[in-house]
Amino acid sequence: MNGGPGDSVDPADGVDAVDAVLFDLDGTLVDTPGGMLTVLRAVLAEAGREADGERLRVTIGRPLAPSFAVLLGLPEEHPEVTRAVARARELFTELVIPHAARLVYPGVPELLAALRAGGRALAVVTSKVRPSTEELLAAAGLLGAFDTLSCHGMTERGKPYPDLALLAAGALGVPPGRCVVAGDAVDDMRMARAAGMDGYGVGCGVATAEQLRHAGARAVLGSTAELAGVLGVPVVPGSLPLHPSLT
């Protein structure tokens, strides 16, 4: 989330109608986009390929197979794409997971604890597969904070379709209209809108504030404290620099 103020939002506006908060993972709870950029470059280099930073950046937070299919110019089912996906997961475990605890954005643990204390149900909705999601959350010390995980491959369609968000809402037993989504990517906001949920953009990941608003974000927030404010929980510390690991 950026160091400056985010959009002006009345903290009491609609908060009473929120029973569950669905969080994206990479770039929303944990500052992994920079590490993922390193992983993507390494995998492409091993395959004798390269891509400019912008082409790599737009794939971050999206499922690996279609991302590598685009980057390699091959069908998703091609063996080279399969190898690239497996290698990316190996390198992420090797290079990023050991640092996960210090990559948690400031104020996130306090925000999650305050939401739980206030009776809100919590979910992660991510384009990561479940084993990778559990690995990252456990290493970051956040796994126990969530009631359910809605991960890539658990529904026929992933983001930006509503399926993963609706799966999480169903698992929590909360109507979609009483859920909100917090995420850093355009696909998060599109998913929220398609699912009938309000989406709040956070300025600490891969999309710009303008892109998030255009995708349907109700507001784009500049700090963990601002997100806590719109969710109606005690203010928590933390003001996060814009795209901190992608500069």
Side-chain angles (χ1 to χ4, degrees), residues 1-2 23-100 102-105 124-129 131-133 135-137 139-140 151-153 158-161 164 183-191 201-215 217 220 240-247:
M1 306 177 194
N2 65 36
F23 288 92
D24 174 53
L25 178 51
D26 295 284
T28 299
L29 299 172
V30 186
D31 183 15
T32 49
M36 195 64 220
L37 197 62
T38 299
V39 167
L40 293 172
R41 285 184 173 132
V43 172
L44 290 176
E46 289 177 1
R49 308 289 189 92
E50 61 180 24
D52 62 51
E54 184 58 28
R55 282 192 70 209
L56 292 173
R57 185 173 171 273
V58 297
T59 69
I60 293 173
R62 293 180 172 173
L64 286 173
S67 295
F68 275 115
V70 170
L71 292 171
L72 295 171
L74 296 168
E76 280 189 44
E77 63 273 12
H78 195 281
E80 190 172 345
V81 172
T82 302
R83 286 193 295 270
V85 169
R87 181 60 175 147
R89 288 179 178 147
E90 289 176 359
L91 286 176
F92 192 87
T93 296
E94 177 185 332
L95 300 176
V96 180
I97 290 298
H99 307 288
R102 68 175 178 80
L103 294 176
V104 176
Y105 286 118
V124 165
V125 180
T126 176
S127 293
K128 271 182 158 45
V129 296
S132 298
T133 300
E135 177 186 48
L136 178 55
L137 286 171
C151 307
H152 182 68
K159 300 176 184 181
Y161 294 99
L164 286 172
D184 69 302
V186 165
D187 283 353
D188 296 318
M189 300 302 101
R190 290 175 175 166
M191 175 190 70
V202 296
C204 53
V206 297
T208 66
E210 181 180 0
Q211 289 169 335
L212 291 168
R213 293 187 193 100
H214 188 262
V220 180
L240 313 179
L242 182 63
H243 306 324
S245 61
L246 290 176
T247 55

Q | Arg55: partners by side-chain contact (heavy atoms from CB on, under 4.5 Å), with sequence neighbours left out | A | Ala51, Asp52, Val70, Leu71
Q: If a pair satisfies salt bridge (Lys or Arg N to Asp or Glu O under 4.0 Å) and one of its residues is in residues 60-75, list it, with sequence neighbours excluded.
A: Arg62-Asp187
Q) Sequence neighbours excluded, which residues qualify as side-chain contact (heavy atoms from CB on, under 4.5 Å) partners of Ala139? A) Ile97, Ala100
Q) For Lys128, which residues count as a salt bridge (Lys or Arg N to Asp or Glu O under 4.0 Å) partner, sequence neighbours excluded? A) Asp26
Q) Looking only at heavy atoms, what is the nearest atom pair of Leu56 and Arg41, with distance? A) CD1-CG, 3.4 Å
Q: For His214, look at atom NE2 and say whether over 12 heavy atoms of other residues, nucleotides or ligands are found less than 6.0 Å away.
A: no
Q: Considering non-hydrogen atoms only, spot the tightest contact between Ala140 and Val30 and give its length.
A: CB-CG2, 4.3 Å
Q. Does Arg57 use its side chain to pair, donor to acceptor, with the backbone of Val206 at less than 3.5 Å?
A. yes
Q. Which residue pairs satisfy the salt bridge (Lys or Arg N to Asp or Glu O under 4.0 Å) criterion with at least one member in residues 84-96, sequence neighbours excluded?
A. Glu46-Arg87, Arg87-Glu90
Q: Would you mind reporting whether Val96 and Leu103 have side-chain heavy atoms less than 4.5 Å apart?
A: yes
Q: Return the set of residues passing side-chain hydrogen bond (donor to acceptor under 3.5 Å, both in side chains) with Gln211 (not counting sequence neighbours), or none when no residue passes.
A: Thr208
Q) Which residues satisfy the salt bridge (Lys or Arg N to Asp or Glu O under 4.0 Å) test with Glu80, sequence neighbours excluded? A) Arg49
Q: Could you walk me through whether Phe23 and Thr126 pass side chain to side chain contact (heavy atoms under 4.5 Å, CB included), step by step?
A: CA-CA 8 Å; Phe23 288 92; Thr126 176; over 6 Å; no
(Q) Going by side-chain contact (heavy atoms from CB on, under 4.5 Å), name the residues that satisfy it together with Pro75, two or more places apart in sequence or in a different chain. (A) Glu77, His78
Q.
List the residues meeting salt bridge (Lys or Arg N to Asp or Glu O under 4.0 Å) with Asp184, not counting sequence neighbours, and say none if there are none.
A. none
Q.
According to side-chain hydrogen bond (donor to acceptor under 3.5 Å, both in side chains), who are the partners of Thr93, at least two apart in sequence or on a separate chain?
A. Glu135
